[in-house]
2 protein chains.
Amino acid sequence: MVTIKDLAKEVGVSVATVSRALTGSGYASPDVRRRVLEAAERLDYKPNEVARALNTSRSNVVGVLVPDITNPYFPKVIRGIEDEAIRNDYRVIIGNTDNDQKKESKYLEIFRQNNCAGIISATWSIEHKAYSGERPLILLDRVAENLPSIEADNLKGGRLQAMHLIERGADKVLVIKGHEGYSSFDDRAVGALETLETQGIEYETLAYRQLDSLLSNDKLDDFTRFNGIICPNDVTAYKVLNGLRALDIAVPDAVKVIGYDNLDFSEYVHPSLTTIGQPIYELGRNAFRMLMDLAAGKPAPSQVLNVALVRRQST
Amino acid sequence: MVTIKDLAKEVGVSVATVSRALTGSGYASPDVRRRVLEAAERLDYKPNEVARALNTSRSNVVGVLVPDITNPYFPKVIRGIEDEAIRNDYRVIIGNTDNDQKKESKYLEIFRQNNCAGIISATWSIEHKAYSGERPLILLDRVAENLPSIEADNLKGGRLQAMHLIERGADKVLVIKGHEGYSSFDDRAVGALETLETQGIEYETLAYRQLDSLLSNDKLDDFTRFNGIICPNDVTAYKVLNGLRALDIAVPDAVKVIGYDNLDFSEYVHPSLTTIGQPIYELGRNAFRMLMDLAAGKPAPSQVLNVALVRRQST
DNA sequence: TTGTAGGCGTTATCAG
DNA sequence: CTGATAACGCCTACAA
């Protein structure tokens, strides 16, 4: 491995001068700089990031926390983060938390031990002892007091879901709520319920964890009571469509189903899924940009990205 | 941040003794060890991984290369790697290469700069200058001479695809090939074609990159000629099912479609997809274990995991 | 069994 | 503008 020491010997200057010439911080005569750069190129010198991180106590690694990378929503977010990161010469460490506060804390600790430059988290337990605010942090799809965050407009998304179903003629609506404790899911439900209420539409709600048992028992009655179903995300909608098909309930004729996320697969399921499109990739990309701003001491105001209805066959 | 220096002061011994007590390497009296451990606990000491990595020139980070994390096959692999990694106190850096050799090389370089303990790669350009063999490397879904690798039994998988279609009565089969340059896709095609050949079944092949144009133009003829379609993976099968539906070609009555991978979504598409099940999670998990063996100087013989037919409605 | 000292590769603070 | 030199936090001969 070639180090600045080697370069120093090669060029005939001190390591200090080499370092300055390389980083651009501090003085170095144009001539020396040129020679150093040339030697670096020739010897294929690459700075050791570990040494740099130790010295500056700040690495070019960012930690990313997601509940489960296996949920197809998150790979898109991560891709957005990673692309922007690499463009800025940063690397990404992934942590799957399974919504488990212990795992969350463990990763937070790990990120600290690795002098990570910052953290982007899509999971965040309200009471977090492990995070003492030392490192820049961006919350994604999560809001918390005093912490910068980025999310899509979930309230609007929920409203769009309800409005669309109403426009399509639904007047008995089932609202399936998302995983508890997520502000993004809460907001979607609030938006939908509020709209249903205002428009005087009959509705019921179902907790996320009740869904599976509902689908597994053939409770035809439970479904035939409704002619519209609002799902908290597309994956849930897939399950619902499947359950409906098993019960021979026609979609969209007997009941209209709307999802949320607009995952790639939503055009492949049958009937193809009407849903709310979120700029998932951009959420990740912008989160990283915000993190960089924060790290540079610049302000990073929280962002709310826009959402839009994507009409397909399920409604 | 509390360091071994702090612990040393606290306990009243030297940093060397603390280090020895903590790592277990080298001598430390039971009494001193106890006191050091107690102090570490009390002061919430966590070793700085960066410093350790610099000193030992080996971090507890492994680099993982995938073509695109957005392809739902890879999150499962990654989850397998990550779960096993965290269990062994390792972290995972993800790199998306988009099958681009330049990006691949860049990440290899990055992994080196970060003193990564090893690399697991699901993309690997044949001629790789950037990898000089310094660090342990496991190839996943890829085989190359002299490099340890892990993959599922693609040859068998291809045979199973063909056998099943034949058993279901197909006698004019279209074999869609996977992305070029991947040994896993090549093997699947070889297995399928060889079986078709042996059984005297009529068939044609289609290159991966021709698929989209075939699907976008309504070439009814091209599809009606066949009563069986073998796809290189499930995502391709989804597209094919979609195209077939658009053309009003009945699946499985007019044509039977079989995929490969058994992604979660394959039971949600309609008709649900018959496919070849691979132990995706285990591929990742075992890859990490192999890497650890390699890093420990133990032998890590290449592995081939088993596959099995998963019958659903599309055939 | 313990402490001293040197080094991992880099950056930063000083004099010169 | 440049060169010693001291950190960063940890590990490990080697000496005591």
Side-chain angles (χ1 to χ4, degrees), chain A residues 1-37 39-40 43-61 89 109-117 134-135, chain B residues 1-37 39-40 43-61 89 109-117 134-135:
Chain A
M1 179 179 237
V2 24
T3 71
I4 51 172
K5 224 174 193 168
D6 301 318
L7 291 189
K9 201 176 296 173
E10 182 76 12
V11 178
V13 293
S14 75
V15 292
T17 304
V18 172
S19 175
R20 265 169 285 162
L22 249 27
T23 61
S25 71
Y27 299 96
S29 72
D31 179 54
V32 167
R33 153 160 298 144
R34 202 183 36 71
R35 277 158 54 213
V36 168
L37 258 28
L43 301 186
D44 194 31
Y45 163 81
K46 305 283 177 189
N48 182 320
E49 300 191 353
V50 176
R52 190 174 276 178
L54 177 60
N55 184 294
T56 63
S57 62
R58 184 175 179 289
S59 75
N60 45 184
V61 172
D89 207 31
E109 193 55 60
I110 287 172
F111 294 158
R112 202 163 62 93
Q113 293 178 267
N114 282 84
N115 290 3
C116 283
E134 336 91 315
R135 296 178 189 282
Chain B
M1 178 177 238
V2 22
T3 72
I4 52 171
K5 223 176 195 168
D6 301 318
L7 291 189
K9 200 175 295 173
E10 182 75 12
V11 178
V13 293
S14 75
V15 293
T17 305
V18 172
S19 176
R20 265 169 285 166
L22 249 27
T23 61
S25 69
Y27 300 97
S29 74
D31 178 55
V32 167
R33 154 160 297 146
R34 203 182 37 71
R35 277 157 54 212
V36 168
L37 258 28
L43 301 185
D44 193 32
Y45 164 81
K46 304 285 177 189
N48 181 320
E49 300 190 355
V50 176
R52 190 174 275 177
L54 176 60
N55 184 299
T56 62
S57 59
R58 185 176 178 288
S59 76
N60 45 184
V61 171
D89 208 31
E109 193 55 60
I110 287 172
F111 294 158
R112 203 162 62 93
Q113 294 177 268
N114 282 84
N115 290 5
C116 282
E134 336 92 313
R135 297 180 188 282

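All chains are named by letter (A, B, ...) in the order of the sequence lines, taking the proteins before the strands, and each is independently numbered beginning at 1.
Regarding Arg33(B), its CZ atom lies at a distance of 10 Å from the P atom of dT2(C), rounded to whole Å. A straight line from CZ of Arg112(A) to C1' of dG9(D) spans 14 Å, rounded to a whole angstrom. Atoms CD1 (Ile4(A)) and C1' (dG9(C)) sit 6 Å apart, rounded to a whole Å. Going from atom CZ of Arg35(A) over to atom C1' of dT2(D) covers 12 Å, rounded to whole Å. As a whole-Å value, the separation of Tyr27(A) OH from dT13(C) C1' is 14 Å. As rounded to whole Å, 12 Å separates atom P of dT12(D) from atom CG of Leu22(B). Atom-to-atom, CD of Gln113(B) to C1' of dC8(C) comes out at 16 Å; the value is rounded to the nearest Å. Rounded to an integer number of Å, the gap from Asn114(B) CG to dT10(C) P is 13 Å.
Each end of the helix from dT1(C)-dA16(D) to dG16(C)-dC1(D) gets its own rotation axis from five pairs of C1' atoms, and the angle between them is 50° to the nearest 10 degrees.
No side-chain heavy atom of Val2(A) sits under 4.5 Å from any side-chain heavy atom of Lys46(A).
Less than 4.0 Å separates DNA chain D from at least one heavy atom of each of the following residues of residues 44-60 of chain B: Tyr45(B), Pro47(B), Asn48(B), Ala51(B), Arg52(B), Asn55(B). Scanning residues 6-17 of chain A for heavy-atom distances under 4.0 Å to DNA chain D yields Val13(A), Ser14(A), Ala16(A), Thr17(A).
Panel note: side chain Arg35(A), backbone Val11(A); a donor-acceptor pair is recorded below 3.5 Å. At least one donor-acceptor pair under 3.5 Å links the side chain of Arg20(A) to the backbone N or O of Ala16(A).
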For this session: Go through the steps to decide whether Asn114(B) and Asn48(A) satisfy the test side chain to side chain contact (heavy atoms under 4.5 Å, CB included), and finish with yes or no.
Result: CA-CA 7 Å; Asn114(B) 282 84; Asn48(A) 182 320; over 6 Å; no
For this session: Any chance you could lay out the side chain to side chain contact (heavy atoms under 4.5 Å, CB included) test for Val36(B) and Thr17(B), step after step, and finish with the verdict?
Result: CA-CA 9 Å; Val36(B) 168; Thr17(B) 305; 5.5 Å; no
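Shown here for Val15(A) and Ala8(A), the closest heavy-atom pair between the two residues is N-CB, 3.8 Å. Shown here for Ile4(A) and Tyr45(A), the closest heavy-atom pair between the two residues is CG2-OH, 3.4 Å. Taking all atoms of both residues into account, the shortest heavy-atom contact from Pro47(B) to Gln113(A) is O-NE2, 3.0 Å.
Taking only side-chain nitrogens and oxygens, Ser29(A) never comes nearer than 4.0 Å to OP1 or OP2 of dC1(D).
Here Asp31(B) pairs with Arg34(B) in a salt bridge; the nearest charged N to carboxylate O distance falls below 4.0 Å. Electrostatic pairing of Arg52(A) and Glu49(A) does not count as a salt bridge here, judged by no charged N lying under 4.0 Å from a carboxylate O.
To the nearest 0.5 Å, the span separating CG on Asn60(A) from SG on Cys116(A) amounts to 10.0 Å.
Map Thr23(A) and Arg20(B) each onto its nearest nucleotide of DNA chain C; the residue landing nearer the 5' end is Arg20(B).
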